[in-house]
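Contents: one structure, followed by commentary.
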There are 2 protein chains.
Amino acid sequence: MTDTTDTWLPQPDLTGLDVGAVLQALADPVRRQIVRLLDECGEATCSSLDLPVKVSTVSHHMKILRESGVVSTRLDGTARPSRLRRDELERRFPGLLGSIISATPPTA
Amino acid sequence: MTDTTDTWLPQPDLTGLDVGAVLQALADPVRRQIVRLLDECGEATCSSLDLPVKVSTVSHHMKILRESGVVSTRLDGTARPSRLRRDELERRFPGLLGSIISATPPTA
DNA sequence: CGGAACTTACGAAGTTCATCGTAATAGAAC
DNA sequence: GTTCTATTACGATGAACTTCGTAAGTTCCG
């Protein structure tokens, strides 16, 4: 995975990560749920996630997560599977993502 | 310090800390600045902090930080000095506070 | 080519939030 | 007791955010 031949949607690089944007992204409960689900399944599209909001809203949240640097989104036909940027986040904000995931219950 | 004879304003206990409330509290740039300043000076009142907002606004932010469990506020005459709940936050969300503080520049 | 499926951009509605000024409260000092 | 200072509660205002429905753009497949 992480095939370099894949095409990706625009996203900030490691040095461009802003702690304010990341925290604001993770402050929303739906987005934390997305993060938790991606942590479990590895990769998912907006429509494949089981969330209590409409797909267009999930797409909006995924965009915020991507632009803040929390997730990467790959182009695969009409699908846009996203995954966590776990290693990069860990390097930039050690412990942050892990604490949040382990503190986010499945029913939040 | 942390004299048990002191009186404190109401605050959630360790098990009552909600990751959503903490992240929402730390998502605001002014509140992150307060956290950074408290990390430096140890304890401070609303009026003693050098911030680009009015004191009444600082009081509002300090209340949010206190109710989310990020700071403790002690009663000392008319003053209400607050300090970080560093150890408790570290036990509940390991690495979170440190990552945020080190990623929050003095001019944010 | 034509249609179906997936995603997102856009506009709108309702809510939440940051900020301020003012007023009220509580302690300290005289 | 009175006055002064420090803090906070309250109301208002304007911005930002979440959510939705709809429409538009892409890709895949008969």
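So you know, we letter chains A, B, ... as the sequences are listed, proteins then strands, and number each from 1. These values consider heavy atoms only, across backbone and side chains, with no hydrogens, waters or symmetry-generated copies.
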Worksheet item: Using a cut-off of less than 4.0 Å, is there contact between a side-chain N or O of A:Ser59 and OP1 or OP2 of C:dT8?
Response: yes
Worksheet item: Taking for each residue the nucleotide of DNA chain D bearing the nearest heavy atom, is the 5' side occupied by B:Thr78 or by A:Ser56?
Response: B:Thr78
Practice prompt. Can you spot which of B:Arg74, B:Arg80, B:Arg86 makes a salt bridge (Lys or Arg N to Asp or Glu O under 4.0 Å) with B:Glu43?
Written response: B:Arg74
Item to complete: Name the closest nucleotide to the B:Ile64 side chain, picking from C:dC20, C:dA18, D:dC20.
Response: C:dA18
Worksheet, complete the sentence: Rounded to whole Å, CZ of A:Arg31 lies from P of D:dT18 at a distance of 4 Å
Item to complete: Choose from C:dT19, C:dT8, C:dA9 the nucleotide whose nearest atom is closest to any side-chain atom of A:Lys63.
Response: C:dA9
Worksheet item: What integer distance in Å separates B:Leu65:CG from C:dA18:P?
Response: 10 Å
Worksheet item: Using a cut-off of 4.0 Å on non-hydrogen atoms, how would the nucleic acid contact of A:His61 be classed: base, sugar-phosphate, or nothing?
Response: sugar-phosphate
Worksheet item: At under 4.0 Å between heavy atoms, what does B:Ser47 touch on the DNA or RNA strands: base, sugar-phosphate, or nothing?
Response: sugar-phosphate
Discussion item. Rounded to whole Å, how long is the line connecting atom CG of B:Leu9 with atom P of D:dT8?
Written reply: 7 Å
Discussion item. How many whole angstroms separate atom NE2 of B:His60 from atom P of D:dA12?
Written reply: 17 Å
Worksheet item: What's the CD-P distance between B:Glu67 and D:dT8, to the nearest Å?
Response: 11 Å
Worksheet item: Does atom CG of B:Asp50 have more than 12 heavy-atom neighbours from other groups under 6.0 Å away?
Response: no
Worksheet item: Looking only at side-chain N and O atoms, does B:Arg74 come under 4.0 Å of OP1 or OP2 in D:dT7?
Response: no
Item to complete: Find the distance B:Leu26:CG to C:dC17:C1' and express it as a whole number of Å.
Response: 16 Å
Worksheet item: Which one, D:dT7, C:dT7, D:dC20, comes nearest to the side chain of A:Val53?
Response: D:dC20
Worksheet item: For B:Ile100, does its backbone N or O pair with a side-chain atom of B:Thr104 as donor and acceptor, under 3.5 Å?
Response: yes
Worksheet item: Rounded to whole angstrom units, what separation is found between the CG atom of A:Leu23 and the P atom of C:dC17?
Response: 16 Å
Item to complete: Please state whether the phosphate of C:dC17, meaning OP1 or OP2, lies under 4.0 angstrom from any side-chain nitrogen or oxygen of B:Gln24.
Response: yes
Practice prompt. For the residue pair A:Ser56 and A:Ser59, confirm or rule out a side-chain donor-acceptor distance under 3.5 Å.
Written response: no
Discussion item. If I take atom CE in residue A:Met62 and atom C1' in nucleotide D:dT18, what distance separates them, rounded to the nearest angstrom?
Written reply: 16 Å
Discussion item. Quiz question: by atom type and distance under 3.5 Å, do the side chains of B:Arg66 and B:Thr73 form a donor-acceptor pair?
Written reply: yes
